[in-house]
Amino acid sequence: MTINPEPAIQNPMIDLRSDTVTRPPEGMRRAMYEAEVGDDVFGEDPTANRLQETVATLLGKEAALFVPSGMMGNQLGLKVHTQPGDEVIVERTCHIFNYESGAPGVLSGVVLNVLDGEGGILTVEQVRGAVRAGYYWESPSRLLCLENTLNKAGGIIYPLDRLQALAAEARAHNLRLHLDGARLWNATAATGIPEKDYAALFDTVMVCLSKGLGAPIGSVLTGSKDLITSAHRYRKMLGGGMRQVGILAAAGLYALEHHRPHLAEDHAKARRLAERIAELPAFSIDLATVETNIVMFDVAEGGAMPVLEALKAEGVAMVPFGPATIRATTHRDVSMDDIESALAVMHRLFAKTIVA
Ligand SMILES: *Cc1c(COP(=O)(O)O)cnc(C)c1O
């Protein structure tokens, strides 16, 4: 069988905007082409079932559900744990609060109790202080949602001992726990701590296949059989019942087998990028925060936009993350050579900028 390879150069940009910009390589497309499929609304798609079993096993959970996006996985996580009027404790920089279109209020009718962590990380005392006493005029605290790695905080890994302490505190107050593990794979690649050791602390865990793993579409929500049965019903209610979805699940399985073992390479690229950005006086960067595949740095003068525009004109794309903050994310479609090219551009453009 031959598959037409995609055109060699679709986009000459060195695209560091996100790890979601990857395109499926030929082997993945072949796996999608060859996937055995069936109608998943009838539960008859063998490839989707295999993906769900594979991810459930990896995360040490009873069951798993394939969903089209990480956001749907998170929102189903909120939905299965809460009743309208309940309160969900989150950290201010989290994806659920910042980038999910207000869905917790609309889809689950919950109130978010937003805490200010340090670098996205909460303390036990903060969670203890946020739990409602139980008066009837309060919204009852029901769920604690955490994120690992922390996206907006720069790809930082939530330390396992802190997660354990937070989970113990949450359990002491009968809270449920949901993990937004969009990049949990990166935490494991960096620390060597198996995904299931993180997942064991949570009732539900969402993981993305479409970030650093490089699948075109798809995330997975994992949990107990009962919780996933409930999530399955709500997925259908949201219009997320899919038919021959094994075409997509095959990409996820391919990503887990062939791409997951290489995530540490993305971290090495991010480290190289960060270390040479640190040499430029036009920027400030805290190298200690570069733990995985995300690099955040501040522009000393003039804000992020002029820098981003100058870089874009030279074929390097990054994104603003605040008025004077820039985020660059490494992934499997940028090589170490691309990183060196991007750094050459940055050093040429910004080496002479003197901090005022
Ligand atoms: C990307 C991301 C999501 C949501 O994923 P989508 O598939 O884009 O909906 C959720 N949480 C975090 C931390 C993410 O980075």
Side-chain angles (χ1 to χ4, degrees), residues 15-22 24 51 55 59 64-79 88 90-104 106-108 112 114 117 119-122 143-158 163 177-190 195 198-199 202 204-222 231 234-235 238-240 242 245 248-249 251-252 255 263 266-267 270 289 291-296 319 321 327-332:
D15 195 344
L16 296 164
R17 289 173 302 161
S18 173
D19 48 9
T20 55
V21 300
T22 57
L51 173 67
V55 176
L59 297 190
L65 185 70
F66 183 82
V67 286
S69 68
M71 178 175 159
M72 191 189 282
N74 278 338
Q75 294 305 321
L76 291 176
L78 262 59
K79 188 75 187 161
V88 175
V90 298
E91 200 280 329
R92 182 167 306 281
T93 58
C94 78
H95 197 279
I96 289 174
F97 179 54
N98 291 283
Y99 305 120
E100 302 202 4
S101 306
V106 176
L107 301 177
S108 294
L112 297 182
V114 182
I121 292 178
L122 296 174
L143 179 67
L144 173 63
C145 285
L146 301 174
E147 192 175 296
N148 196 17
T149 63
L150 290 147
N151 178 349
K152 214 165 187 271
I156 288 175
I157 300 159
Y158 229 117
L163 289 173
L177 285 116
H178 171 77
L179 177 66
D180 176 347
R183 295 187 181 82
L184 184 61
W185 317 109
N186 294 86
T188 291
E195 291 90 349
Y198 289 112
F202 297 86
T204 48
V205 178
M206 185 285 287
V207 286
C208 287
L209 305 167
S210 55
K211 299 278 165 85
L213 284 190
I217 296 167
S219 294
V220 181
L221 181 70
T222 64
Y234 289 121
R235 185 187 70 174
L238 293 175
M242 295 168 282
V245 73
L248 299 179
L263 286 176
D266 293 344
H267 302 176
T289 65
E291 296 187 337
T292 57
N293 68 329
I294 299 177
V295 177
M296 296 274 211
V319 286
F321 244 64
R327 189 189 81 171
T329 306
T330 59
H331 52 77
R332 41 179 306 102

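Computed from a predicted model, the values in this text were never measured in an experiment. Start at 1 and go down the list; that is how both ligands and their atoms are numbered.
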Can you list every protein residue that has a heavy atom under 4.0 Å from any atom of ligand 1, sorted by chain and residue number? S69, G70, M71, N74, H95, E100, E147, N151, D180, A182, R183, M206, C208, K211
Candidate pair H331 and N293, rule side-chain hydrogen bond (donor to acceptor under 3.5 Å, both in side chains), full reasoning: CA-CA 7 Å; H331 52 77; N293 68 329; over 6 Å; no
Sequence-distant partners of E195, salt bridge (Lys or Arg N to Asp or Glu O under 4.0 Å), two or more places apart: R260
Check the pair H178, I96 against side-chain contact (heavy atoms from CB on, under 4.5 Å), reporting the backbone distance first and the verdict last. CA-CA 11 Å; H178 171 77; I96 289 174; 4.3 Å; yes
side-chain contact (heavy atoms from CB on, under 4.5 Å) for L146 and Y198? Distances and angles first, verdict last. CA-CA 11 Å; L146 301 174; Y198 289 112; over 6 Å; no
Candidate pair R327 and N151, rule side-chain contact (heavy atoms from CB on, under 4.5 Å), full reasoning: CA-CA 10 Å; R327 189 189 81 171; N151 178 349; 2.9 Å; yes
Run the side-chain contact (heavy atoms from CB on, under 4.5 Å) test on E147 and E91 for me, step by step, so that the C-alpha distance in whole Å, both residues' side-chain angles and the decisive distance to 0.1 Å come before the verdict. CA-CA 9 Å; E147 192 175 296; E91 200 280 329; over 6 Å; no
